[in-house]
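Counting starts at 1 for both ligands and their atoms, following the listed order. All heavy atoms count here, side chains included; hydrogens, waters and symmetry mates do not. The shown structure was predicted, so the numbers you read here are calculated from the model rather than taken from an experiment.
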Amino acid sequence: MNSMKQIRVFAPASVANMGCGFDIMGMTLDAVGDVLKVEAAEGAGDMCGIRIENRSAADLPEDPERNVITPALRAFMFAMEGEKLISGGTPHADNVGPSLLGGVVLLRGYEPLDVVRLPVPERFCCTVAHPDIMVSTREARDVLPREIPLRSAVSQWGNVGGLVAGLMSGDVELVGRSMRDVVAEPHRKRFIPGFDELRDAVIAAGALAMNISGAGPSVFALSSDMETAARAGEIMKSHFAARGVASDIYVSKVSNRGARVLND
Ligand code: HSE
């Protein structure tokens, strides 16, 4: 490849939904994420002018037509177009918003896009368990009902309000009790072995909340100190191991920093 220009970028991982904020909220992790090298070159690439090389251990598609990066590169506006490819047609920015901007991000509206950054209480720590099971975003969206009862809607928007108020005021207890999802999680938890049992154990160990991370199958717990976050990670690891499922555990502070250029 004839190199013209290249850039290395760190894109932090994010946790979408934060429980009650289906498709409208997400938060950024510190020191967990992907390093991307983007290079512009002459005469390279295949049918769409984009060539993708995966040098990570993860099984990611190098075929540009199957990789979430391609629509984002083509659109070159907001990376949520990539999500449209894997979710079966609905663009949503609750992962890419926090990854790009850092902190907790609220998508107040999509048409037009209205992105609101919310403060992250200093002591927030996040534990993420990624069990070795396959659940596609499309599959996890297909199980959702197209309509929700008014009672569920009332409960959900009460929780979203409580979550925003808790973040604004630094009230971590309010944040914790607001992170309850009555819309998506009841339908998605079947994909995660022993989900309710795991949540009870993690909450009993002192975590503020535990939910499915985005569409799953990862789960995450929010804690107000690193010690509790680490303990939640141990509980998650042994929970999945007891069910014959390997898992990767990440313990991280919630970060106010989004995507950034790395110096070589
Ligand atoms: N908000 C999305 C969902 C996140 O829950 O389906 C997955 O990208």
Side-chain angles (χ1 to χ4, degrees), residues 11-29 32-34 36 58-61 66-72 75 78-111 113-118 126 128-131 133-148 152-153 155-157 159-160 163-164 178-192 195 199 209-222 250 254 258-259:
S14 57
V15 169
N17 297 348
M18 297 184 71
C20 55
F22 176 75
D23 275 3
I24 59 150
M25 289 193 77
M27 68 182 171
T28 317
L29 302 186
V32 183
D34 293 327
L36 289 94
D59 182 21
L60 301 173
R66 291 181 51 239
N67 195 300
V68 295
I69 286 174
T70 306
F78 205 40
M80 71 176 181
E81 288 299 315
E83 298 279 21
K84 188 172 166 182
L85 181 73
I86 55 163
S87 70
T90 315
H92 48 272
D94 52 343
N95 271 123
V96 294
S99 288
L100 281 172
L101 302 174
V104 173
V105 168
L106 165 72
L107 285 313
R108 207 276 317 152
Y110 277 91
E111 289 175 7
L113 200 57
D114 188 353
V115 182
V116 182
R117 280 192 76 208
L118 298 171
C126 188
V128 180
H130 180 64
I133 44 183
M134 273 298 293
V135 182
S136 71
T137 302
R138 182 175 301 213
E139 196 180 355
R141 293 180 83 86
D142 280 350
V143 297
L144 302 180
R146 295 293 161 250
E147 290 173 8
I148 57 171
S152 303
S155 172
Q156 197 84 354
W157 59 54
N159 281 331
V160 172
L163 178 52
V164 172
S178 301
M179 287 174 67
R180 295 200 188 133
D181 174 19
V182 299
V183 169
E185 213 158 81
H187 303 280
R188 289 175 163 177
K189 65 183 182 183
R190 72 181 81 154
F191 295 120
I192 298 157
F195 178 82
R199 176 160 50 196
M210 193 198 96
N211 296 96
I212 300 173
S213 172
S218 296
V219 295
F220 78 100
L222 199 65
Y250 305 92
V254 179

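Using a 4.5 Å heavy-atom cutoff, the side chains of R199 and I192 are not in contact. Side-chain contact between M27 and L118 is absent, with no heavy-atom pair separated by less than 4.5 Å. Contact of the E185 side chain with the F22 side chain is not registered, since no non-hydrogen atoms from C-beta on lie closer than 4.5 Å.
Listed by atom number, the atoms of ligand 1 under 4.0 Å from F22 heavy atoms are 3 (C), 5 (O), 6 (O). Of all atoms in ligand 1, listed by their number and element, those nearer than 4.0 Å to a heavy atom of G214 are 4 (C), 5 (O).
At most 12 heavy atoms of other shown residues, nucleotides or ligands fall within 6.0 angstrom of atom CZ in R180.
Of all the listed residues (D23, V183, N95), D23 holds the heavy atom that lies closest to atom 2 (C) of ligand 1.
Counting heavy atoms closer than 4.0 Å to ligand 1, residue R188 contributes side-chain atoms (C-beta onward) but none from N, CA, C or O.
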Begin with the C-alpha distance, continue with both residues' side-chain angles, and end with the deciding distance and a verdict on salt bridge (Lys or Arg N to Asp or Glu O under 4.0 Å) for D181 and K189. CA-CA 11 Å; D181 174 19; K189 65 183 182 183; over 6 Å; no
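For ligand 1, the polar-atom distance check finds an N/O of N17 within less than 3.5 Å of one of the ligand's N/O atoms.
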